[in-house]
Amino acid sequence: MPKRSPRSDFGTFVLHWVLVILVTVQIGTGLRIASHEPSLGWLANLDFVLPRENLWYWHLVGALGFTAVFVSYITYVLVARLGQRSRLDHSRLASLWRGGSARWTTFGVLVLWVGFGAFAAEIISGSLLYLGKAGWAISVHRHAVWFCIVFPFAHVLCHYLAGGIDQVLRILRPTRLVIPSAPPDILTMLAEHVQFVDTLKQGHQPTLDDFAVISESKRETARKPLITSVIVGASVVALGLVAQNQTSQTLDVPLLENLGRFDAPVINGDVSDAVWAMAPSIGLLTSQGANFAPERQSWIEIKAVRDQTKIYISLIWEDQTRSLRHLPLVKGPDGWLIVRSVTPESREEIFYEDQFSMLISPPTVPIIGSAVHLSPKPLRGYPPSSTGRGMHYLENDAVSDLWVWRASHGGPSAMVEDARFGNPVAPTPGQLSGAEHYRGGYAPDEGPSCFIVNHALSKNPENPALVPLRLPKDISWVAPREDDSHVSADFSDPDDARYWMTDDESEPYSLALDQQFPENSVIPGIIMTCVPSGGRADVFGHARWAAGRWTLELMRALNTNSTQDVPIASGSLVWLAAFDHAATRHTRHVRPIELHLP
């Protein structure tokens with residue numbers, strides 16, 4: 001009679017394959033998200049297999065599903081009394097020295113424990129990240145995933161070495177579950193022994209019926225392990241949804257008149273106005289930005305108040321250095337050079353100004369990511385991402401408001417650029433050729449662009465060197481630097497440093513004026529050509545830096561009546577991001593702040 005191939009019980013079959021699907025989703029989306037990190041840029045080589053759309057949504061929803069099924073599987077093993085197959089006792093460990101299939105079975109159990117440990121580490125660290133607790137959780141989450149990736153291959157290999165291909169394929173052959181008998185219960189045995197002795201003392205011959213009452217009282221009711229595990233898993237999902245609701249952050253934006261007799265705050269970067277002491281606040285930890293020491297994270301505090309037409313916002317974030325340099329120009333022995341560490345500009349993380357951005361979305365799913373597309377080239381037929389990591393855009397005519405403050409662009413003029421994420425913008429010929437940076441769905445609101453870069457190539461075909469567009473009229477504030485502070489990544493600029501200039505403070509480049517600037521002169525890389533106006537200037541803001549913190553005050557109309565802006569109302573969602581002298585690599589947080597306008 002042919003030997004019957006090994007099979008797996010139906011519950012194991014179902015839970016195993018659901019786990020496989022969810023692990024695949026988690027690893028795929030997790031690796032794509034991780035590809036944004038500097039040390040993991042090589043993951044871009046897997047662009048053709050990694051997912052691109054709604055990454056955080058699928059990663060977080062998948063994480064809740066994975067946690068529920070993982071707990072369900074453990075419950076199933078316990079209820080169905082299948083723990084023996086993964087038990088690590090003395091006799092099983094001793095088989096490591098005996099050889100044969102027993103050795104590989106034990107190796108398989110060891111691999112199972114390591115894999116389940118990695119899964120548990122991912123669940124715990126991921127939960128902390130979701131709750132805004134970064135720090136060591138980021139490192140654990142990033143490193144445990146490699147064990148999760150290796151685990152399936154090692155798991156299958158151990159099964160194959162222990163029992164051949166039939167042992168591997170057993171998971172494809174479900175069968176009915178047979179629950180092993182429970183271990184003897186010492187109390188039941190003692191009670192039956194006492195009844196046996198009492199029956200003998202009464203002069204009766206004991207029969208099986210004499211023990212029916214005890215046996216029936218101790219007999220377990222029919223078990224339904226799969227149903228039980230599904231109920232437990234559903235409970236985990238329910239608890240996750242409750243935790244999401246209970247731990248979400250809501251910022252109250254009270255009316256000034258409800259706080260007392262307070263005037264609107266003066267927007268000057270000084271939060272000593274009395275109203276700010278009364279305003280509710282929320283603090284959150286943002287992480288994974290460039291240069292923020294020591295763990296690439298910054299704590300941000302936000303407050304907001306309003307009157308009948310305007311909202312006033314106070315933001316304070318940690319940044320150990322005041323960085324005002326935006327690709328300045330330095331005069332070298334052979335002419336002018338742009339002070340930078342890398343090209344293109346979007347990858348600069350040293351010689352750049354500090355920035356802060358605030359993303360405002362209408363009420364939607366409270367998960368970051370619908371505007372984030374992580375891929376070297378996320379849009380077919382469009383230019384690739386200049387950063388090599390991805391770009392921002394939305395689809396189906398959706399719009400999110402983006403306010404961007406820059407220390408040297410808008411800072412001196414109290415301008416905060418009002419921009420948006422929307423449908424991918426049609427690329428220009430220069431963007432298609434790669435000469436210009438393509439920004440996907442990012443676009444400033446209507447209004448003149450009042451800033452230009454202060455450099456171009458000379459018109460001399462025999463010497464097409466880089467030259468400034470304009471030179472300062474007064475060279476006293478760009479005297480030659482006797483040290484290398486202007487090329488130091490950790491240098492904190494003084495409050496009166498000038499890395500921008502206006503048309504009135506400068507004049508067009510000429511060789512005669514150039515000769516007045518000695519070697520090592522440093523001049524601004526930004527020229528302010530006009531006063532911001534139009535929709536681009538809807539947001540007014542001013543910032544100050546002191547003692548390792550920036551303080552930024554903002555003001556905008558609650559409703560600008562523009563299709564390029566998002567009206568601010570109860571339910572609006574807000575994400576915050578800080579940049580420490582980096583062009584694009586900013587801190588981030590997963591869950592938004594929900595505004596409540598009582």
Side-chain angles (χ1 to χ4, degrees), residues 322-346 348 350-355 404-417 428 430 435-437 444 447-482 484-487 491 493-534 536-537 542 581 583:
R322 179 199 286 114
S323 303
L324 305 177
R325 293 160 293 174
H326 181 100
L327 305 179
L329 278 65
V330 60
K331 190 170 185 180
D334 301 319
W336 293 92
L337 301 170
I338 301 174
V339 181
R340 59 187 172 192
S341 63
V342 68
T343 56
E345 178 183 331
S346 57
E348 184 62 51
I350 297 180
F351 306 108
Y352 218 81
E353 63 197 299
D354 289 338
Q355 304 176 85
V404 184
W405 169 85
R406 298 184 177 96
S408 283
H409 270 74
S413 63
M415 172 193 172
V416 178
E417 185 170 75
T428 65
E436 300 174 9
H437 175 198
S449 176
C450 291
F451 298 92
I452 60 174
V453 294
N454 187 25
H455 59 80
L457 294 178
S458 69
K459 297 180 181 180
N460 183 355
E462 297 181 0
N463 183 26
L466 180 143
V467 295
L469 289 178
R470 302 181 71 86
L471 290 169
K473 292 179 179 179
D474 182 0
I475 70 170
S476 63
W477 52 278
V478 289
R481 305 299 173 92
E482 298 179 355
D484 63 352
S485 62
H486 64 287
V487 295
F491 178 72
D493 291 308
D495 188 42
D496 60 351
R498 292 291 300 272
Y499 288 99
W500 61 279
M501 59 185 177
T502 65
D503 282 345
D504 293 338
E505 296 170 328
S506 61
E507 58 184 76
Y509 175 84
S510 68
L511 184 59
L513 183 58
D514 187 348
Q515 291 174 346
Q516 298 181 30
F517 290 82
E519 188 176 329
N520 289 331
S521 292
V522 179
I523 65 172
I526 303 168
I527 302 173
M528 183 176 176
T529 61
C530 62
V531 176
S533 61
R536 186 180 293 205
H542 202 286
H581 59 85

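Note that the structure is a prediction, hence the values are computed from the model and not measured.
Under the 4.5 Å side-chain criterion, counting only non-hydrogen atoms from C-beta, R325 is not in contact with S408. Residues L466 and L329 form a side-chain contact, since some pair of their non-hydrogen atoms from C-beta on lies under 4.5 Å apart. In this structure, I452 and L469 have side chains that are in contact, with non-hydrogen atoms separated by less than 4.5 Å. Counting only heavy atoms from C-beta outward, the side chains of Q515 and F517 never approach each other to under 4.5 Å. At least one side-chain heavy atom of W336 sits under 4.5 Å from a side-chain heavy atom of D514.
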Exercise. Can you check side chain to side chain contact (heavy atoms under 4.5 Å, CB included) on V453 and L327, steps first, answer last?
Worked result: CA-CA 9 Å; V453 294; L327 305 179; over 6 Å; no

For this session: Determine, stepwise, if the pair Y352 / S323 fulfils side chain to side chain contact (heavy atoms under 4.5 Å, CB included).
Result: CA-CA 7 Å; Y352 218 81; S323 303; over 6 Å; no

For this session: Take W500 and L324, measure what side chain to side chain contact (heavy atoms under 4.5 Å, CB included) needs, and give me the verdict at the end.
Result: CA-CA 9 Å; W500 61 279; L324 305 177; over 6 Å; no

Exercise. After noting the C-alpha distance and the side-chain angles of I527 and D503, does the key distance pass the side chain to side chain contact (heavy atoms under 4.5 Å, CB included) rule?
Worked result: CA-CA 7 Å; I527 302 173; D503 282 345; 3.6 Å; yes

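Taking the ring-ring contact (aromatic ring centres under 6.0 Å, His included) definition, one finds that Y509 meets it with nothing, sequence neighbours left out. Not counting sequence neighbours, R340 has no partner by the salt bridge (Lys or Arg N to Asp or Glu O under 4.0 Å) test. Scored by the salt bridge (Lys or Arg N to Asp or Glu O under 4.0 Å) test, E353 finds no partners at all (sequence neighbours excluded). Under the rule for a salt bridge (Lys or Arg N to Asp or Glu O under 4.0 Å), the partners of D495 that lie at least two apart in sequence or sit in another chain are R322. By the ring-ring contact (aromatic ring centres under 6.0 Å, His included) test, H409 pairs with H326, F451, sequence neighbours left out. For S533, the side chain to side chain donor-acceptor pair (under 3.5 Å) criterion is met by no residue, not counting sequence neighbours.
If you take CD on E519 and NZ on K331, they are separated by 8.5 Å, rounding to the nearest 0.5 Å. Taken from OG in S510 to CD in Q516, the straight-line distance is 8.0 Å, to the nearest 0.5 Å.
Between the side chain of T529 and the backbone N or O of C450 there is at least one donor-acceptor pair closer than 3.5 Å. Counting only distance, with no hydrogens or angles, the side chain of N454 and the backbone of R470 share a donor-acceptor pair below 3.5 Å. Between the side chain of K473 and the backbone N or O of D504 there is at least one donor-acceptor pair closer than 3.5 Å. A distance-only check finds no donor-acceptor pair linking the side chain of E505 to the backbone of P472 [under 3.5 Å].
In summary, E417 and R536 engage in a salt bridge, as defined by a charged side-chain N under 4.0 Å from a carboxylate O.
Closest of all the heavy-atom pairs between Q355 and A583 is NE2-O, 3.3 Å. Between T502 and S506, the shortest heavy-atom distance links the atoms O-OG, 2.8 Å. A pairwise comparison of heavy atoms in E436 and T428 identifies OE1-OG1, 3.3 Å as the closest pair.
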